[in-house]
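To start, the structure under review is shown below, and the notes come after it.
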Number of protein chains: 2
Amino acid sequence: MGTKQQITERISALLRDSKLSITDTRVKILELFMRSNGALEHSDFEKLAGKSFDRVTVYRTLQTFLEKGIIHKIPTTDTSVRYAVCKSECTEHHHHDHHVHFKCENCGATTCLDETDVPSIQLPKGYAMHNVEVVVNGVCKSCK
Amino acid sequence: MGTKQQITERISALLRDSKLSITDTRVKILELFMRSNGALEHSDFEKLAGKSFDRVTVYRTLQTFLEKGIIHKIPTTDTSVRYAVCKSECTEHHHHDHHVHFKCENCGATTCLDETDVPSIQLPKGYAMHNVEVVVNGVCKSCK
DNA sequence: TTTTTATTTGCAACATTGTTGCAAAATTAC
DNA sequence: GTAATTTTGCAACAATGTTGCAAATAAAAA
């Protein structure tokens, strides 16, 4: 994972690459993403960081990160929107999200299984496929 | 699809089988599900039915249908919760939802591809799989 | 470094969405 | 039909998401 110093440097580089100003809020939010190796939803930021930043700022920051391809959304069956940091292959214009998401029914954590490829699917005639989202529900490694 | 009369009879039977009272609200909501052959979210009911029933009643009705296995949720990447009627194999205790969901990027409709099976997925060691949700984004038959 | 310009943030106010308790109304059981 | 049970609608509230604008901060220019 690296020292605090290294993480901060990596985050600064990431923001610079995306042509975004380096601000406290953005750095802190990205730190939270990198430390929790799972998906986060909006309410997590208030829980994890107290009220060190405004709700509105969090919404806007996540929106910006989405547009720049720094994070991606993960489908859920509830009203929350869950986000995870993208791998290096993702850019603003081309978004590779061809991995499987795992939601643990015990601890509630959602993780990206980066090594698990999304299988190919044969659609009925007349449908055009752009991308496939897969969420597996079950029990994760640490909860068994 | 059948006549209005036949649909009403089918709905009554469905409610009776689930041991639910047959009420105007429940019948109307099921009618909306059967007529729109796609998934519906909460706001759709207010749009489709005006304010012929209360918001609270819709929430409670959908909750009841979920518990009885009459409808199921479909994962989304936004804050809405989308529902679709289950096939006959679904019951209160055993829920078969092994089909693929398709979200059209053009018309926005979400449909169940009942004939398209969810492919098997090889998880990393240590993970237990309970069920798999697949949502394909693309362009549907009617929008091409 | 200091000044200028552009961007980001926080606040306030609001809009939307979801929840709970309780009395009135409707449905089912008798 | 009447009684018992369930469901509904209202009111009030809680939580979540959005917008405009002035103050604060970061980047660019001098």
Side-chain angles (χ1 to χ4, degrees), chain A residues 8-9 11-33 39-68 70-71 73-83 92 108, chain B residues 8-9 11-33 39-68 70-71 73-83 92 108:
Chain A
T8 306
E9 180 42 44
I11 288 173
S12 300
L14 181 56
L15 288 171
R16 237 179 284 118
D17 289 351
S18 303
K19 300 192 174 50
L20 290 175
S21 328
I22 296 169
T23 67
D24 286 356
T25 312
R26 288 178 181 160
V27 172
K28 269 192 211 155
I29 287 185
L30 283 176
E31 270 175 20
L32 290 176
F33 268 120
L40 296 176
E41 56 185 75
H42 186 272
S43 61
D44 289 330
F45 297 102
E46 283 160 39
K47 276 178 223 139
L48 292 173
K51 31 184 195 161
S52 60
F53 24 64
D54 195 75
R55 265 160 22 88
V56 179
T57 305
V58 175
Y59 281 115
R60 290 197 267 225
T61 303
L62 293 173
Q63 185 58 40
T64 304
F65 287 173
L66 261 185
E67 284 162 6
K68 293 294 184 177
I70 296 175
I71 60 178
K73 289 185 182 184
I74 299 171
T76 64
T77 52
D78 57 41
T79 55
S80 68
V81 183
R82 220 159 289 142
Y83 303 89
E92 181 166 6
Chain B
T8 306
E9 179 43 43
I11 288 173
S12 301
L14 181 54
L15 288 172
R16 238 179 284 117
D17 289 351
S18 302
K19 301 193 175 50
L20 291 174
S21 327
I22 296 169
T23 67
D24 286 357
T25 312
R26 289 179 180 159
V27 172
K28 271 193 210 153
I29 287 185
L30 283 176
E31 270 176 22
L32 290 176
F33 269 119
L40 297 176
E41 57 185 73
H42 185 274
S43 62
D44 290 328
F45 296 102
E46 283 160 40
K47 276 178 222 137
L48 291 173
K51 30 184 193 157
S52 60
F53 24 63
D54 194 76
R55 267 162 18 87
V56 179
T57 304
V58 176
Y59 281 116
R60 291 196 268 225
T61 303
L62 293 173
Q63 185 59 40
T64 304
F65 286 173
L66 261 185
E67 285 162 5
K68 293 293 183 177
I70 295 176
I71 60 178
K73 290 185 180 182
I74 298 171
T76 64
T77 53
D78 57 40
T79 55
S80 67
V81 182
R82 220 158 289 141
Y83 304 88
E92 181 167 5

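Every value quoted in this text rests on a predicted model; they were computed, and no experiment measured them. All chains are named by letter (A, B, ...) in the order of the sequence lines, taking the proteins before the strands, and each is independently numbered beginning at 1.
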Legend entry - Contact check, side chains of A:Leu62 and A:Leu66, non-hydrogen atoms, under 4.5 Å: no
Inset, instruction - Starting at atom CG of B:Asp54, determine the distance to atom P of C:dA23, rounded to an integer number of angstrom. - result: 17 Å
Inset, instruction - Could you state the atom-to-atom distance from NZ of A:Lys19 to C1' of C:dT7 in whole Å? - result: 16 Å
Legend entry - Residues in salt bridge (charged side-chain N to carboxylate O under 4.0 Å, His left out) contact with A:Arg16, at least two apart in sequence or another chain: A:Glu9
Legend entry - Contacts of A:Asp78 that satisfy side chain to side chain contact (heavy atoms under 4.5 Å, CB included) - sequence neighbours left out: A:Thr76, A:Ser80, A:Arg82
Legend entry - Sequence-aligned protein contact record of nucleotides 20-30 of chain D, with B where the base is within under 4.0 Å of a protein heavy atom and S where only the sugar-phosphate is: B-----SS---
Legend entry - For A:Phe53, all residues meeting ring-ring contact (aromatic ring centres under 6.0 Å, His included), sequence neighbours excluded: none
Inset, instruction - Take the C1' atoms of the five end pairs on each side of the helix from C:dT1-D:dA30 to C:dC30-D:dG1, get both axes, and report the angle to 10 degrees. - result: 40°
Legend entry - Partners meeting side chain to side chain contact (heavy atoms under 4.5 Å, CB included) with A:Asp17 (sequence neighbours left out): none
Legend entry - Any pair counted as salt bridge (Lys or Arg N to Asp or Glu O under 4.0 Å), so long as it reaches residues 52-66 of chain B, sequence neighbours left out: none
Inset, instruction - Kindly write out the residues that satisfy side chain to side chain contact (heavy atoms under 4.5 Å, CB included) with A:Val27, not counting sequence neighbours, or none if the list is empty. - result: A:Ile11, A:Leu15, A:Ile22, A:Glu31
Would you list the protein and nucleotides 14-17 of chain D atom pairs, both N or O, that sit under 3.5 Å from each other?
from   : atom 1 : to      : atom 2 : distance (Å)
D:dG17 : OP2    : A:Tyr59 : OH     : 2.3
D:dG17 : O5'    : A:Tyr59 : OH     : 3.0
D:dG17 : N7     : A:Arg55 : NH1    : 3.3
D:dG17 : N7     : A:Arg55 : NH2    : 2.9
D:dG17 : O6     : A:Arg55 : NH2    : 3.1

Legend entry - Set of residues satisfying salt bridge (charged side-chain N to carboxylate O under 4.0 Å, His left out) with respect to B:Lys19, sequence neighbours excluded: none
Legend entry - For B:Phe45, ring-ring contact (aromatic ring centres under 6.0 Å, His included) partners two or more places apart: B:Phe33
Inset, instruction - Find the distance B:Glu41:CD to C:dT16:C1' and express it as a whole number of Å. - result: 13 Å
Legend entry - By side chain to side chain donor-acceptor pair (under 3.5 Å) - contacts of A:Glu46 (at least two apart): none
